[in-house]
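Computed from a prediction, not measured in an experiment: that's the story for all the values here.
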Amino acid sequence: MSEYRFEDIESRWQRRWSETRVFEVDVDVSRPKFYCLEMLPYPSGDIHVGHVRNYCITDVVARFKWMRGFNVLHPIGWDALGLPAENAAIKRGVHPEQWTRQNIAGMKRQLVRLGFSYPWSREVATCDTEYYRWNQWFFLKMLEKGVAYRSKAPVNWCPSCHTVLANEQAQGCECWRCHSAVEERELDQWFLRITDYQDQLLDDMRQLTAWPERVLLQQRNWIGRSEGAEIDFMVEGGAPLRIFTTRVDTIFGATFMAISPEHPRIEELIGGASGEACIRQDLARLRAQDRRARQAGEVEKEGVFTGRYAVNPYNGERIPIWAANFVLMGYGTGAIMSVPAHDQRDFEFARKYGLPVRVVIQPAGENLDGDMLAEAYEGTGVTSATGDFSGLRNDEAIRLMTEHAEKRGFGRAAVTYRLKDWLISRQRFWGTPIPVLYCEKDGMVPVSYDDLPVVLPKGAPFTGEGGNPLDKVPSFVEARCPRCGGRARRETDTMDTFIDSSWYFYRYLSPCKQDGPFDPEAVRYWFPIDLYVGGIEHAILHLVYARFWTKMMRDLGLVDFAEPVVRLFPQGMVHKEGEVMSKSRGNTVAPDEVIAEYGADTLRLYILSVAPPEMALEWSDESISGAQRLIHRVWRLVDRHIETIAAVSAFSASVDSQAERDLRRKTHQTIQRVTRDIEERMHLNTAVAAFSELVNEIQRLEDRLDSESGRVVLREAVESLVLLMNPYTPHLCEELWKRLGHQEDLVRHAWPVADPEIAREETIEMAVQVNGKVRGHIVVPQASGEEEIRQGALAEPKVRAHLEGQEVLRVVVVPGRLVSIASRRS
RNA sequence: GCGGGCGUAGCCGAACUGGCAUAGGCGCCAGACUUAGGAUCUGGUGAGCGAAAGCUCGUGAGGGUUCAAGUCCCUCCGCCCGCACCA
């Protein structure tokens, strides 16, 4: 009996896969393709079993698709630019590139050790100059089209990361990377006009039928499309003030206006007011309130009267203009009409400052009084006390009142979005240099295409102080203007690394291409991505950017479709001791130790068997022994039958004993189950249960299979098992396959096909219920008719006993399932 | 507050369109084989009652629809995730 030595087996097959380049693929129009993608990992150092889970899922699907005859692209690369490398440089004095390359080498070794089916010739690292040069190329294209632009704007600054952040990356006023509170700064920065695509990003969600609804929902919320109207209120002694509202139907109930303390016109409005100094002091206090708490509505509503009045264009009413902390400059126009009767925020504010509350929408069958209200009424109803617009259903009022504003020229229907343009400048070194120059004479000048790439310089000082190290490299900063040849200063901001990950899946198709970011022919063949597996935390960062990027490329004429990913599959997190496993929590389990003790196949099988891939998985060191045992059982099973099995010829003998029929049936049922579990349902864990059942069944029957035909059946069962398990435990299965006398690599071998005739049960055991309780079982032939089953059920002794003295009211026969008898005392 | 998800044995989890709840694994118990076992194999393992056949209860709680509910509907509880003064 031979021993299962996973170190030998796994290293041998890993070597073979590498030497025979078995996972390398090319465009082959004669075969159907499958593009199986996992999210680009950041090379932080060690991978933990959380990452491993992601890659196990795609590896099972990739190997399965191979065996189903697809031409499978399952590439991997590295999200290799970004802050941690630079922080490591500051801390330890290693260059970010060196740190990154070392980490990549280490992680690559781990991935190879896990036996994943990657075409390594397509490996891409975004810190390769040949990668990021295309970031620069895209940037120049976008600059030409006006998609990239530079603008001064209030932006989010992370004091700990020493750089600005995009809106998406500072949700809840917290830095997505380090969770520091971000500050607002007014800076000149580079943006991408993602807002040009906001409606497409929403509308094209219709195409994303294989994306989880919660991801689409998160994206919809983030884009935050809101339909309403813009109305200009005249300001006494000043220019009109524009507000945005979704409830123009309540405008007759506006009893004051409120503007953000940060509103650009605030100085003008308070200028010359009585008590100006006091007002200014109050404003300063409001502005100093914690930004996050203010945005989250956690601070009490406060404000100050500016001393000025506006005029409601619908009724000519004069209303005071207040500055209020609950009005945010970042949304709409930064000014609102306040309708306390119909908006809870306005209501709270009005009560605090004694401002009038006037009801103008009456709910059906009620007559609300502003002075009596305990809270705002925000529902639907009929307009009242609204002049010419009285007595209308409020949705109708919105339509008519908007029309009125348009006719009179003081307002119009308008749509507001929460999405902001993508701020891509970063004041850090380890990113793609933005390819522009600032000439003393010509101003901002793009680097010419011929001068790409603009390469990150060697020898930058990583001190952690004094801003971006790029600023301190004269050979980088000092340049010639491509237009006039005069002195120019190079832009030292680098790009957000989310740019790198917005299009890497195109680069995989032609990673060495010199004259373009990717080969259009290859895109035509491989795209769209059939399956994209990764963490849910990217629902509105990476995945919105990536969708935008493809649309932008389509508008550049580079691709002819709008959405890159057919099916998105967010895998569940791995937890340990009830918490998400992560480096920052310090509760990671490294695959290396597990592999050293159990082998890669056991780790893979365990991770996949314990929970469905989309659900959270609680890591447990104990239950891994279940996977280990299954592998040992399969190993020994093949081992003890290898000689008898190898001796039998292909299928010939007739199958006649009960044991033979039982095992054949189980074999074909298992093929059906596993195929469906992987292909249709992605229930990768239940397939493992099916493996166990088949092994159990083989062991139960093996002693009764020593005839010629028995050995044939046994061979079919064992070989099917090896084929079915191959996506999960490829080293083991390749080894067993070879021992079983085959030459071919398993990925090249066809997936087994079930014969439904063989898989079908000969007889069916059906439960018989009497008044909802199972009282007996009957065994009927497969082909029984309903009447036959019905008679059998009524004749079953235990059923008869329960029907004693009862009148049968109804008999429901569900063929193949059960019989349900309803009765009552007669 | 709004939106989404989840809640099944001691633990992880099965149960596709309503159809015998608890497949498979872990753990535990017993037995076999063994110099030995943390190896392997076999059997058992939801709760209560019972000598047994069997009966009753049982999918977070309560109600409903149905011949039949883990699954559908209503009310509530708990946990997780997302959004949140968005005008």
Side-chain angles (χ1 to χ4, degrees), chain A residues 171-172 212-215 217-218 220-222 224-226 228 243-247 250 258 260 293-301 324-328 330-339 342-346 348-349 416-418 536-537 539-540 573 575 578 580 605-606 609-612 614-627 629-630 632-633 636 673 676-677 680-681 683 685-696 699-700 765-777 798 801 809-823:
Chain A
Q171 284 180 55
E213 189 51 41
R214 67 195 157 123
V215 172
L217 194 75
Q218 275 190 59
R220 221 173 268 129
N221 286 342
W222 183 253
R225 186 186 149 98
S226 173
I243 61 108
F244 173 76
T245 179
T246 54
R247 289 297 301 273
T250 65
S260 165
R294 223 182 104 189
Q295 276 196 21
E298 286 163 11
V299 292
E300 198 192 334
K301 290 177 184 48
N325 62 347
F326 70 92
V327 183
L328 307 172
Y331 186 78
T333 62
I336 60 170
M337 64 172 193
S338 285
V339 185
H342 302 295
D343 183 292
Q344 186 59 24
R345 296 157 298 177
D346 299 346
E348 287 166 27
F349 193 86
T416 292
Y417 298 84
R418 193 161 67 133
I536 186 75
E537 67 274 17
I540 50 175
M573 304 274 170
H575 292 212
V580 172
L605 188 66
Y606 168 66
S609 68
V610 71
E614 73 276 10
M615 274 180 38
L617 178 160
E618 177 68 28
W619 179 265
S620 138
D621 291 320
E622 290 90 60
S623 46
I624 195 167
S625 56
R629 268 201 276 266
L630 178 58
H632 278 112
R633 290 174 76 197
R636 284 193 308 269
R673 255 181 83 180
R676 216 167 64 105
D677 283 349
E680 293 171 29
R681 312 201 301 159
H683 282 198
N685 56 325
T686 52
V688 179
F691 302 153
S692 279
E693 284 186 41
L694 181 55
V695 172
N696 289 344
Q699 283 191 191
R700 184 175 76 85
E765 195 191 61
M766 285 172 64
V768 184
Q769 295 182 340
V770 178
N771 295 327
K773 292 198 173 68
V774 178
R775 297 300 185 183
H777 289 89
K798 282 180 206 142
L809 299 173
R810 196 172 158 193
V811 180
V812 179
V813 176
V814 186
R817 301 232 186 245
L818 52 54
V819 181
S820 182
I821 301 167
S823 72

Colleague: In whole Å, I'd like the distance from the CG atom of L809(A) to the P atom of A68(B).
Modeller: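 After rounding, the gap between these two atoms is 11 Å.
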Colleague: Would you say that N771(A) contacts S823(A) through its side chain, given a criterion of any heavy-atom pair below 4.5 Å between the two side chains?
Modeller: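 Yes - at least one pair of side-chain heavy atoms lies under 4.5 Å apart.
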Colleague: Should D343(A) and S338(A) be marked as a side-chain hydrogen bond (donor to acceptor under 3.5 Å, both in side chains) after you check the CA-CA gap, both sets of side-chain angles, and the distance that decides it?
Modeller: CA-CA 8 Å; D343(A) 183 292; S338(A) 285; over 6 Å; no
Colleague: Taking any strand in view, what nucleotide pairs with G19(B) in a Watson-Crick or G-U wobble way, both distances under 3.5 Å?
Modeller: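 Checking every strand shown, G19(B) finds its partner in C67(B), with both distances under 3.5 Å.
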Colleague: Can a donor-acceptor pair under 3.5 Å be found between the side-chain atoms of H777(A) and the base atoms of C20(B)?
Modeller: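 A donor-acceptor contact between them is present.
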Colleague: May I ask you to say what A616(A) touches in the nucleic acid, namely base, sugar-phosphate or nothing, with a heavy-atom cut-off under 4.0 Å?
Modeller: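 Sugar-phosphate, backbone atoms only, no base.
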Colleague: Does Q769(A) reach a base, just sugar-phosphate, or nothing at all? Heavy atoms under 4.0 Å.
Modeller: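 Base, at least one base heavy atom under 4.0 Å.
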Colleague: Counting any heavy atom closer than 4.0 Å, what does N696(A) reach on the DNA or RNA strands: base, sugar-phosphate only, or nothing?
Modeller: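 Touches sugar-phosphate only.
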Colleague: For A23(B) versus A9(B), give the span between their C1' atoms, rounded off to a whole number of Å.
Modeller: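 Comparing C1' positions in A23(B) and A9(B) gives a spacing of 13 Å.
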Colleague: Report yes if a side-chain nitrogen or oxygen of R220(A) is closer than 4.0 Å to either non-bridging phosphate oxygen (OP1 or OP2) of C86(B); otherwise report no.
Modeller: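 So the side-chain polar atoms of R220(A) never come under 4.0 Å of the phosphate oxygens OP1 or OP2 of C86(B).
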Colleague: Looking at C20(B), G24(B), C26(B), which one has an atom nearest to any side-chain atom of V774(A)?
Modeller: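 Closest nucleotide among those given: C20(B).
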Colleague: Where is the tightest heavy-atom contact between Y606(A) and E618(A), given as atom of each residue plus distance?
Modeller: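 Heavy atoms of Y606(A) and E618(A) come nearest at OH-O, 4.0 Å.
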Colleague: Between I336(A) and T245(A), is a side chain to side chain contact (heavy atoms under 4.5 Å, CB included) present by the stated rule, with each step listed?
Modeller: CA-CA 7 Å; I336(A) 60 170; T245(A) 179; over 6 Å; no
Colleague: In Watson-Crick or G-U wobble terms, both distances under 3.5 Å, what is the partner of A39(B)?
Modeller: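 Pairing partner, where one exists within any strand: none, as none qualifies.
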Colleague: Measuring only the C1' atom in each nucleotide, how far is A32(B) from G19(B)? A whole number of Å is fine.
Modeller: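 A32(B) and G19(B) have their C1' atoms separated by 41 Å.
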Colleague: Under 4.0 Å between any heavy atoms, over every strand shown, what does S609(A) touch: base, sugar-phosphate, or nothing? Just pick one.
Modeller: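 Since no nucleic acid heavy atom lies under 4.0 Å of S609(A), the category is nothing.
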Colleague: Answer yes or no: is there an ion pair linking E300(A) with R294(A), defined by an N-O contact shorter than 4.0 Å?
Modeller: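 No salt bridge links E300(A) with R294(A).
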Colleague: Using a 4.0 Å heavy-atom cut-off across all strands, classify R629(A) as base, sugar-phosphate, or nothing.
Modeller: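 Touches sugar-phosphate only.
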Colleague: Distance only, no hydrogens: is a donor on one side chain within 3.5 Å (strictly under) of an acceptor on the other, for N221(A) and R418(A)?
Modeller: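 No, because no side-chain N or O of N221(A) sits under 3.5 Å from a partner of the opposite role on R418(A).
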Colleague: In whole angstrom, give the distance that lies between atom CD of E213(A) and atom C1' of G3(B).
Modeller: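 Atom-to-atom, E213(A) to G3(B), this comes out as 11 Å.
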Colleague: For a quick check of understanding: with a heavy-atom distance under 4.0 Å over all strands, which category does R633(A) fall into, base, sugar-phosphate or nothing?
Modeller: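 R633(A): backbone/sugar contact only, no base atoms under 4.0 Å.
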Colleague: May I ask you to verify if any side-chain N or O of R673(A) is less than 4.0 angstrom from the OP1 or OP2 atom of G24(B)?
Modeller: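 Negative; the distance criterion is not met.
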Colleague: Between G63(B) and G58(B), how far apart are the P atoms? Round to whole Å, please.
Modeller: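 That atom pair is separated by 10 Å.
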Colleague: Given G54(B), is OP1 or OP2 found less than 4.0 Å from the side-chain N or O atoms of K798(A)?
Modeller: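 Answer is yes, contact under 4.0 Å.
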Colleague: How close do A616(A) and A611(A) get, heavy atom to heavy atom, and via which atoms?
Modeller: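 Closest approach of A616(A) to A611(A), heavy atoms only: O-CB, 4.1 Å.
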Colleague: Any luck finding a side-chain donor-acceptor pair between S609(A) and N685(A) under 3.5 Å?
Modeller: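 N685(A) and S609(A) do not have a side-chain donor-acceptor pair below 3.5 Å.
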Colleague: Could you check which nucleotide pairs with A53(B) in any of the strands shown, counting Watson-Crick or G-U wobble with both distances under 3.5 Å?
Modeller: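 In the structure as shown, A53(B) has no Watson-Crick or wobble partner.
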Colleague: Between G19(B), A23(B), C41(B), which one does the side chain of L818(A) approach most closely?
Modeller: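 Of all the options, the side chain of L818(A) is nearest to G19(B).
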Colleague: Would you tell me if any nitrogen or oxygen in the side chain of R418(A) comes within less than 4.0 Å of OP1 or OP2 on A84(B)?
Modeller: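 Indeed, a polar side-chain atom of R418(A) lies that close.
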Colleague: Whole Å only: how far is the CG atom of L617(A) from the P atom of G25(B)?
Modeller: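 Computing the L617(A):CG to G25(B):P distance gives 18 Å.
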Colleague: Any base atoms under 4.0 Å from N685(A), or only sugar-phosphate, or nothing? Heavy atoms, all strands.
Modeller: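 The answer is sugar-phosphate, as N685(A) gets under 4.0 Å only of primed atoms, P, OP1 or OP2.
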Colleague: Using whole Å, what does the distance between atom P of nucleotide A87(B) and atom CG of D346(A) come to?
Modeller: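 From D346(A) CG to A87(B) P: 12 Å.
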Colleague: Answer with base, sugar-phosphate or nothing: what part of the nucleic acid does L217(A) contact at a heavy-atom distance below 4.0 Å?
Modeller: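 Sugar-phosphate, backbone atoms only, no base.
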Colleague: Would you indicate which nucleotide in G24(B), A87(B), A15(B) comes nearest to any side-chain atom of T246(A)?
Modeller: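 Closest nucleotide among those given: A87(B).
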Colleague: With heavy atoms under 4.0 Å as the rule, sort R700(A) into base, sugar-phosphate or nothing.
Modeller: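 Counting heavy atoms under 4.0 Å across all strands, no contact is made by R700(A).
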Colleague: To the nearest angstrom, how far is I624(A) atom CD1 from G27(B) atom P?
Modeller: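 About 12 Å, once rounded to whole Å.
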Colleague: Which is true for V339(A) with a 4.0 Å heavy-atom rule: it touches a base, it touches only sugar-phosphate, or it touches nothing?
Modeller: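 V339(A): no heavy atom of the nucleic acid under 4.0 Å.
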Colleague: Give the nucleotide from the list A14(B), A87(B), C67(B) with an atom nearest to the side chain of Y331(A).
Modeller: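 The answer is A87(B).
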Colleague: Looking only at the side chain of R636(A) (C-beta and beyond, no hydrogens), which of the listed nucleotides U40(B), A87(B), G13(B) gets closest?
Modeller: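 Among U40(B), A87(B), G13(B), the one nearest the side chain of R636(A) is U40(B).
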Colleague: Round to a whole Å and report the spacing from CZ of F326(A) to P of C86(B).
Modeller: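 Distance, rounded to whole Å: 10 Å.
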Colleague: Answer whether the closest heavy-atom distance between the side chains of V812(A) and L818(A) falls below 4.5 Å.
Modeller: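 In short, these two side chains do not touch, never coming nearer than 4.5 Å.
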Colleague: Considering only G19(B), C67(B), A87(B), which nucleotide approaches the side chain of R810(A) most closely?
Modeller: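 Output: C67(B).
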Colleague: Figure out the CD1/C1' separation between I536(A) and C83(B), and round it to whole Å.
Modeller: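 Value for this atom pair: 14 Å.
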Colleague: Identify the nucleotide, in any strand shown, that forms a Watson-Crick or G-U wobble pair with C83(B), with both distances under 3.5 Å; if there is none, say none.
Modeller: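 Per the H-bond distance test, G1(B).
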Colleague: Please give the distance between the P atoms of G27(B) and G64(B) as a whole number of Å.
Modeller: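 After rounding to an integer number of Å, I get 43 Å for this pair.
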Colleague: So T333(A), base contact, sugar-phosphate only, or nothing? Heavy-atom distance under 4.0 Å.
Modeller: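 The residue T333(A) makes no contact with any strand.
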Colleague: Could you check whether the side chain of S623(A) and the base of C26(B) have a donor-acceptor pair of N or O atoms closer than 3.5 Å, going by distance alone?
Modeller: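 By the distance-only test, no, there is no pair.
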Colleague: Any base atoms under 4.0 Å from E765(A), or only sugar-phosphate, or nothing? Heavy atoms, all strands.
Modeller: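 Since a base atom lies under 4.0 Å of E765(A), the category is base.
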Colleague: In whole Å, what separates the P atom of G60(B) from that of G7(B)?
Modeller: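 Their P atoms lie roughly 8 Å apart.
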Colleague: If you look at every strand shown and take non-hydrogen atoms under 4.0 Å, does V327(A) touch a base, only sugar-phosphate, or nothing?
Modeller: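 V327(A): base contact, heavy atoms under 4.0 Å.
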Colleague: Between W222(A) (CH2) and C2(B) (P), how many Å, whole number?
Modeller: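 The answer, rounded to whole Å, is 22 Å.
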Colleague: Ignoring backbone atoms, test whether Q699(A) places a side-chain nitrogen or oxygen under 4.0 Å from the OP1 or OP2 oxygen of U42(B).
Modeller: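 Answer is yes, contact under 4.0 Å.
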Colleague: Taking pairing as Watson-Crick or G-U wobble with both contacts under 3.5 Å, can you name the mate of C26(B), or confirm there isn't one?
Modeller: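 WC or wobble partner is G10(B).
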Colleague: Decide yes or no, distance alone: a donor-acceptor N/O pair under 3.5 angstrom between the base of C16(B) and the side-chain of R676(A).
Modeller: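 In this structure, the two groups form a donor-acceptor pair.
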Colleague: Check every strand shown and say whether M615(A) touches a base, only sugar-phosphate, or nothing at a heavy-atom separation below 4.0 Å.
Modeller: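 If one applies the 4.0 Å heavy-atom cut-off, M615(A) turns out to touch the sugar-phosphate alone, with no base involved.
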Colleague: Name the residue closer to the 5' end of RNA chain B, choosing between R681(A) and K301(A) according to the nucleotide with the nearest heavy atom.
Modeller: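 It is R681(A) whose nearest nucleotide is closer to the 5' end.
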